[in-house]
Each structure stands twice: as C-alpha cells, then as structure tokens.
Amino acid sequence: MTEGTTSAAEGGDTLTRLEQEGEIAADYLEGLLDIADLDGDIDMDVEADRAAVSIISDSARELQKLVGRDGEVLEALQELTRLAVHRETGDRSRLMLDIAGFRAKKRAELAELGAKAAGEVKSTGQPVKLDPMTPFERKVVHDAIAAAGLRSESEGEEPQRFVVVLPA
C-alpha cells in the first residue's frame with residue numbers, strides 16, 4: 001500500500017466519522033425539537049474538518065428561543081450536542097451547530113470586524129485589541145486577520161479572552 005493510498009483511506013475514514021457525528025447530532029436535536037414542540041429541519045454537512053449541523057425553519061422567529069440572547073442558548077445546545085456525540089462515539093466532537101442562520105450571520109459580521117481591525121493596524125502600525133469573544137468568534141476573526149496578511153493572538157482568560165491584531 002502506498003503512502004498516498006493510506007492518506008486517502010484515512011481521509012475517507014475521517015469523512016465517515018464526521019458524517020456519523022452529524023447523524024448522531026441530528027437524532028439528538030430532532031428529539032430536542034420534539035420535546036420543545038418546535039418545527040425545524042436538520043441540515044448536515046462537513047466543513048473544515050468538522051461536522052456542521054443546522055436547524056432551519058420557515059419560522060425562524062420560533063427558533064430564536066433556541067438561539068437566545070447573543071447566542072448563549074445556541075452555545076449551550078452545541079455543548080450538549082457534542083456531549084451526546086461523545087457518549088455515542090467515545091470521541092471528542094468539534095461539531096458546529098447553527099440555528100436559524102445565527103452563526104452564518106455572525107460569521108459574516110465577525111469577518112468584517114476582522115477586516116476593519118486589520119485595516120486599522122495596517123494604517124496606524126499599532127496593535128488593536130478587540131472586545132472579549134467566544135472561541136467560535138475568535139476563530140473567525142483570526143481567520144479574517146490571516147486573510148488580510150497580518151498576525152493575531154488571543155489574550156486573557158475565559159470568558160474575557162480577546163483578540164489582539166498585530167502589525168505584520
């Protein structure tokens with residue numbers, strides 16, 4: 001067996017594992033929707049080497065209960081869903097959950113924030129400290145900063161951890 005074949009097999013195994021995570025998460029979330037008597041469809045995908053599960057509905061307003069203020073309920077549901085996957089598989093899950101497009105919208109806003117901060121650092125040559133963020137939010141900002149050709153670091157302790165954008 002060649003090294004390339006091994007890598008392809010491992011890649012297939014990873015995809016299968018992530019699809020299984022998505023299936024387990026979808027089952028868990030469908031049960032949750034039934035208990036809460038909420039309507040929603042489950043969409044599963046694999047993005048950036050992690051399972052991604054979304055709950056969508058024609059009535060996004062109804063799903064806002066599952067998002068909560070600033071996504072706090074969504075974060076909690078994501079952790080519970082990860083625990084459900086862990087219970088079934090025995091492996092730690094990095095699954096991402098989105099409800100009613102909240103994370104997709106937040107990702108776009110954070111990418112714009114990162115681009116603006118990068119522009120400020122490029123024009124002034126001075127580091128810029130951003131407000132505290134969740135790990136998801138920091139990851140999106142770090143990616144936007146890297147895309148702009150700059151460096152960034154996370155500083156502080158949870159829940160007050162924040163991103164510092166540094167000159168090149």
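Worth knowing before you read on, the calculation uses all heavy atoms, side chains too, and leaves out hydrogens, waters and symmetry mates.
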| message | Using modelled atom types and a 3.5 Å cut-off, is there a donor and acceptor pairing between side-chain atoms of R151 and backbone atoms of A168? | response | no
| Looking at side-chain heavy atoms only, is the closest gap between L95 and L18 below 4.5 Å? | no
| S152 side chain near R138 side chain, heavy-atom distance below 4.5 Å | no
| message | Using 0.5 Å steps for rounding, measure from the CE atom of M96 to the CG atom of L74. | response | 8.0 Å
| query | Taking side chain as C-beta onward, heavy atoms only, is L166 less than 4.5 Å from E153? | reply | yes
| note | Looking only at heavy atoms, the pair that brings A115 and A144 closest together is N-CB, 4.3 Å
| field | Approximate separation, where rounding is to 0.5 Å, of Y28 OH and R87 CZ | value | 7.5 Å
| Common cluster, F162/L150, ILVMFWY with side-chain heavy-atom separation under 4.5 Å | no
| request: Show your reasoning for whether side-chain contact (heavy atoms from CB on, under 4.5 Å) applies to T134 and E75. | output: CA-CA 9 Å; T134 67; E75 289 289 333; 4.2 Å; yes
| request: State whether the side chain of Q78 and the backbone N or O of L97 hold a donor-acceptor pair below 3.5 Å, judged by distance alone. | output: yes
| task | Return the minimal non-hydrogen interatomic distance between A117 and L130, and the atom names on each side. | result | CB-CD2, 4.1 Å
| said: Quick check for you: to the nearest 0.5 Å, what is the distance between H142 atom NE2 and I145 atom CD1? | reply: 9.0 Å
| said: Please evaluate residues M133 and L113 with respect to the criterion side-chain contact (heavy atoms from CB on, under 4.5 Å), reporting the C-alpha separation (whole Å), side-chain torsions for both, the decisive distance (0.1 Å), and the verdict. | reply: CA-CA 12 Å; M133 299 177 190; L113 173 68; 3.7 Å; yes
| query | Between V73 and F102, is there a shared hydrophobic cluster once you connect ILVMFWY residues whose side-chain heavy atoms come closer than 4.5 Å? | reply | yes
| note | For residues 27-51, the salt bridge (charged side-chain N to carboxylate O under 4.0 Å, His left out) pairs (sequence neighbours left out) are none
| field | Among K106, R107, R103, side chain to side chain contact (heavy atoms under 4.5 Å, CB included) partner for V140 | value | R107
| field | Beyond-backbone contact of E19 with L15, side-chain heavy atoms, under 4.5 angstrom | value | yes
| note | With S57 as partner, the option from I99, L63, L38 fulfilling side chain to side chain contact (heavy atoms under 4.5 Å, CB included) is L63
| field | Lys/Arg-Asp/Glu bridge criterion (N-O < 4.0 Å) met for D13, R17 | value | no
| message | What I want to check is whether the side chains of S93 and H86 have a donor and an acceptor closer together than 3.5 Å. | response | no
| query | Where is the tightest heavy-atom contact between G40 and L33, given as atom of each residue plus distance? | reply | O-CD1, 3.9 Å
| field | Minimum side-chain heavy-atom gap S154-R161 below 4.5 Å | value | yes
| task | Calculate, to the nearest 0.5 Å, the distance between atoms CD and CD belonging to E21 and E88 respectively. | result | 12.0 Å
| query | Taking all atoms of both residues into account, what is the closest heavy-atom pair of A25 and V53, and its distance? | reply | CB-CG2, 4.0 Å
| field | CD/E157: more than 12 non-hydrogen atoms of other groups inside 6.0 Å | value | no
| message | So P127 and P167, do their side chains get closer than 4.5 Å, heavy atoms only? | response | yes
| message | A side-chain contact here means heavy atoms from C-beta on lying under 4.5 Å apart; do V128 and V164 qualify? | response | no
| How many angstroms lie between atom CD of E155 and atom CD of Q160, to the nearest 0.5 angstrom? | 13.5 Å
| task | Check step by step if side-chain contact (heavy atoms from CB on, under 4.5 Å) holds for L29 and I55. | result | CA-CA 8 Å; L29 292 166; I55 301 175; 4.2 Å; yes
| remark: Of all heavy-atom pairs linking G22 and A51, the shortest is N-CB, 4.1 Å
| field | Joint hydrophobic cluster, M44 plus V85, side-chain heavy atoms closer than 4.5 Å | value | no
| Check: S54 side chain, I56 main-chain N or O, donor-acceptor pair, under 3.5 Å | no
| Pairwise salt bridge (charged side-chain N to carboxylate O under 4.0 Å, His left out) hits with a residue in residues 114-127, at least two apart | E112-K116
